[in-house]
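Basis for what follows: all heavy atoms, side chains included, without hydrogens, waters or symmetry-related copies.
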Amino acid sequence: SGIPDFFGVLFLGIDQGKYKSFVHLIEMPWTLTEIVDLASNFQHAHLSECQKYNFCFEPGTSYKYSNTDYIILAILVEKLTGESVVDLFNSVVYPHLPSDG
């Protein structure tokens with residue numbers, strides 16, 4: 001997608017003093033949309049810094065693993081099915097996984 005990995009954006013924000021700590025960030029009640037907005041807004045506001053740390057690129061010009069892309073996929077699945085990803089995993093995926101006990 002070219003949108004930076006939100007983990008990289010969060011760690012850079014901690015380094016710059018924008019956030020208290022990583023623990024503080026993961027305990028915040030983020031919505032899926034807020035996470036994508038955080039990463040994409042960082043890209044637009046800090047493009048040179050984003051490129052300096054190799055967080056982003058123009059869509060279709062490169063590839064880099066990004067947790068943000070999985071968040072975008074989750075938003076898409078929720079819009080298409082009308083169910084939350086958590087509910088879908090609980091009803092469709094988890095019942096078919098082998099259990100050890």
Rounded at 0.5 Å granularity, tell me how far CD1 in Ile72 sits from OG1 in Thr33.
10.5 Å
List for me each residue that meets side-chain contact (heavy atoms from CB on, under 4.5 Å) alongside Ile71, sequence neighbours excluded, and say none if there are none.
Phe6, Leu32, Ile35, Val36, Ile75
Can you sort out the partners of Leu76 under side-chain contact (heavy atoms from CB on, under 4.5 Å), two or more places apart, ordered by chain and number?
Leu80
Evaluate the criterion side chain to side chain contact (heavy atoms under 4.5 Å, CB included) for residue pair Val86 and Phe89; output intermediate values, then yes/no.
CA-CA 5 Å; Val86 172; Phe89 267 77; 6.0 Å; no
What pair of heavy atoms forms the shortest contact from Val85 to Glu78, and how long is it?
N-OE2, 3.0 Å
Quick one: list whatever passes side chain to side chain donor-acceptor pair (under 3.5 Å) with Asp87, sequence neighbours left out.
Ser84
